[in-house]
> 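Have a look at this one.
In what follows, every chain begins at residue 1, and chains take the letters A, B, ... in the order their sequences are listed.
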Amino acid sequence: MINALRGMKDLTFEESERFVHIVTTAIGIAKKYGYSYIETPILEETKLFRRSVGESSDIVGKEMYQFMDKGDNDVCMRPEGTAGVVRSFVQAKLDRRQNEKFKFYYYGPMFRYERPQKGRLREFHQFGCESFGEGSVYEDFTIIEMIGDIFKALGIGYKLQINSLGCPKCMPPYRENLISFLTECKDELCEDCNRRIDTNPIRVLDCKNEKCQSLLVNSPKLINNLCESCDNDFNKLTTLLQSANIDYEVDTNLVRGLDYYSKTAFEFVSDEIGSQSAIAGGGRYDKLVEFLDGKPTPAVGFALGIERIMELVQMPETSREGYYLGAMDAEAVDSLFPLASKKRATDKVTVEYGAKKLKAHLKGADKVNARYCAVIGEDEFRDGTIWVKDLVEKEEFTIAQSEF
RNA sequence: GUAGGCGUAGUUCAGUUGGUAGAGCACCUGUUUGUGGCACAGGUUGUCGCGGGUUCGAGCCCCGUCGCCUACCCCA
């Protein structure tokens, strides 16, 4: 027997229904916010992710599904969605159309070569949105509000954490500041953090090590060292969230795992799904379009993890629906098909091809959760009629096949 | 990559100090020759993950291996 690869899952029945429910709910809301669908390839040149996601991230450092294809191209299964959308945006020269806004939503599989655990798969699915050309913090607010709408529509509880990562004006001086702080207490920090001081000092902030965290209480906070523009935007964002009654907490240690974020960063978390608690994350990435050879274009985006959300949504109980058609004698089976074709114009129809006893048909109708069980037996076949039973109201009647 | 837990029927699981495997659910049949869900009665289903070792004898003990889960790391 051949099994699915490690960290990859098949979805069927109730699970696949839930998956589709999440995607269609998110699409409906994204459309109301003016987003249109973008489909980009799953396979991209590896350097796209090296340049956008960043060499220092774990995603690029050790989690990429990367290989050489038959044409000797260095390619990679996308580990996240934003890079491909931005690449597409630049390739279509939409960056040249300054003053225009572009809003895209996407969904599909992402791949990261990690150890699977609860809420973490090697192939997983994200729904995401990217908004280009709008530098206003109102757009950051609107995108957070939209995610809130999606979770509300799905009936999911969450906590929202926000932070500002600053911009090229205020981040570098802060970074230097932080490095000197970290260097001073270097000996007491964990091994990983010592490595991070050189590779990505910002990441020390969200180290899970308790001792590190206790030392970091006194570390300089970026939120207190923002430039005027970043500070104004962050304050505006919190004001907007408050007036919209969206609860949030400022998490000064919230650092997104991808290098391209600046200014607003946010994460939606749930405490009901194990240690992989982020159900959505995103932020502003005003410099990424330039990094990928486009004209400077501000942008904000987010992605939500469909499998993680699947753990949280309850589907309404399915009710009986449609028709089950069967015959009790082999020669009557043929006459089911025109009836099925006709009914399918408006209803769900299941046809049983085998001749069976009435009892077996009734059970069959139960099994496919049909509302009506319709059977042609000996009498009905002779008379050109069909027997129909409403399995909910327990009413039954026999009508001409032409009236079915 | 590291650590812990678990692999027995379609499924959820039990299986004593080692004596050639069991239950619920599901499925099939019947009680009812044309009336479902409920009830009752019967019935089918296993390379005990795989390979080796110890033993008269291994689901159980030992070694190895593969897989799954959880956690670290990191992230959606």
> Does B:C68 have its OP1 or OP2 closer than 4.0 Å to a side-chain nitrogen or oxygen of A:Lys9?
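Answer is no, no contact under 4.0 Å.
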> Would you classify A:Ile147 as touching base, sugar-phosphate or nothing, given that sugar-phosphate means primed atoms plus P, OP1 and OP2, and contacts are heavy atoms under 4.0 Å?
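The residue A:Ile147 makes no contact with any strand.
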> Tell me whether the side-chain N/O atoms of A:Ser275 come closer than 4.0 Å to OP1 or OP2 in B:U70.
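No, because none of the side-chain N or O atoms of A:Ser275 sits under 4.0 Å from OP1 or OP2 of B:U70.
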> Is A:Glu63 side chain donor-acceptor paired with the B:C73 base, going by distance under 3.5 Å alone?
no
> What nucleic acid atoms does A:Lys389 come within less than 4.0 Å of, heavy atoms only: base, sugar-phosphate, or nothing?
base
> Ring-plane angle category for A:Tyr105 and A:Phe127, please: parallel below 30°, perpendicular beyond 60°, tilted otherwise.
parallel
> Under 4.0 Å, counting only non-hydrogen atoms across every strand here, what does A:Glu380 touch: a base, just sugar-phosphate, or nothing?
base
> Quick one: pull up CG in A:Leu336 and OH in A:Tyr323 and give me the separation to the nearest 0.5 Å.
14.5 Å
> Do A:Arg6 and B:C69 share a donor-acceptor pair, side chain to base, under 3.5 Å?
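No, no donor-acceptor pair under 3.5 Å.
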> Does A:Ala365 reach a base, just sugar-phosphate, or nothing at all? Heavy atoms under 4.0 Å.
nothing
> Is it possible for you to check whether A:Lys343 lies under 6.0 Å from the centre of the six-membered ring of A:Phe404, through NZ or CZ, and within 45° of that ring's axis?
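A:Lys343 over A:Phe404 ring: yes.
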> Spell out yes or no: do the side chain of A:Glu396 and the base of B:G34 have one donor N/O and one acceptor N/O closer than 3.5 Å?
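Donor-acceptor pair under 3.5 Å: no.
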> Between A:Lys159 and A:Asp247, does any NZ, NE, NH1 or NH2 come within less than 4.0 Å of an OD or OE carboxylate oxygen?
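No salt bridge links A:Asp247 with A:Lys159.
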> To the nearest 0.5 Å, how far apart are CE in A:Met146 and CZ in A:Phe151?
11.0 Å
> What does A:Gly364 touch in the nucleic acid at a heavy-atom separation under 4.0 angstrom: a base, only the sugar-phosphate, or nothing?
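The residue A:Gly364 makes no contact with any strand.
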> Just call it for A:Leu391: base, sugar-phosphate, or nothing, with non-hydrogen atoms closer than 4.0 Å on any strand.
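The answer is base, as A:Leu391 lies within the cut-off (heavy atoms under 4.0 Å) of a base atom.
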> Using the C1' atoms only, state how far B:A3 lies from B:G24, rounded to an integer number of Å.
35 Å
> Counting side-chain heavy atoms from C-beta on, which of B:U70, B:G37, B:G34 comes nearest to A:Asp366?
B:G37
> For the side chain of A:Lys367, starting at C-beta, report the closest nucleotide among B:G34, B:C28, B:C72.
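That would be B:C28.
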> Can you figure out which of B:U70, B:U2, B:G37 approaches the side chain of A:Lys363 most closely?
B:G37
> Take atom P in B:U44 and the same atom in B:G36, then report the distance between them in whole Å.
26 Å
> Would you kindly check whether a donor in the side chain of A:Arg112 faces an acceptor in the base of B:A76, or vice versa, at under 3.5 angstrom?
yes
> Which of these nucleotides, B:G34, B:C72, B:U35, is closest to any side-chain atom of A:Arg115?
B:C72
> Using a cut-off of 4.0 Å on non-hydrogen atoms, how would the nucleic acid contact of A:Asp379 be classed: base, sugar-phosphate, or nothing?
base
> With C1' as the reference atom in both, quote the distance from B:A21 to B:U8 in angstrom, rounded to an integer.
8 Å
> Looking only at side-chain N and O atoms, does A:Lys357 come under 4.0 Å of OP1 or OP2 in B:G30?
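For B:G30, OP1/OP2 do have a side-chain N/O of A:Lys357 under 4.0 Å.
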> For B:G67 versus B:C28, give the span between their C1' atoms, rounded off to a whole number of Å.
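Their C1' atoms lie roughly 32 Å apart.
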> Given the C1' atoms of B:U47 and B:A58, what is the spacing between them in whole Å?
15 Å
> Please classify the nucleic acid contact of A:Glu307 as base, sugar-phosphate, or nothing, using heavy-atom distances under 4.0 Å.
nothing
> Considering just the side-chain nitrogens and oxygens of A:Gln126, establish if one lies under 4.0 Å of OP1 or OP2 belonging to B:A76.
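No, outside the criterion.
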> Between the base of B:G34 and the ring of A:Trp387 - centre-to-centre under 5.5 Å, planes within under 30° - is that a stack?
no
> Do A:Val375 and A:Glu380 touch side chain to side chain, with heavy atoms closer than 4.5 Å?
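Not touching, per the 4.5 Å side-chain cut-off.
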> So does A:Lys359 reach the base of B:U35 with its side chain, donor to acceptor, closer than 3.5 Å?
no
> May I ask you to evaluate whether A:Gln276 reaches the phosphate of B:A76, defined as a side-chain N or O under 4.0 Å from OP1 or OP2?
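So the side chain of A:Gln276 is outside the cut-off, no N or O lying under 4.0 Å from OP1 or OP2 of B:A76.
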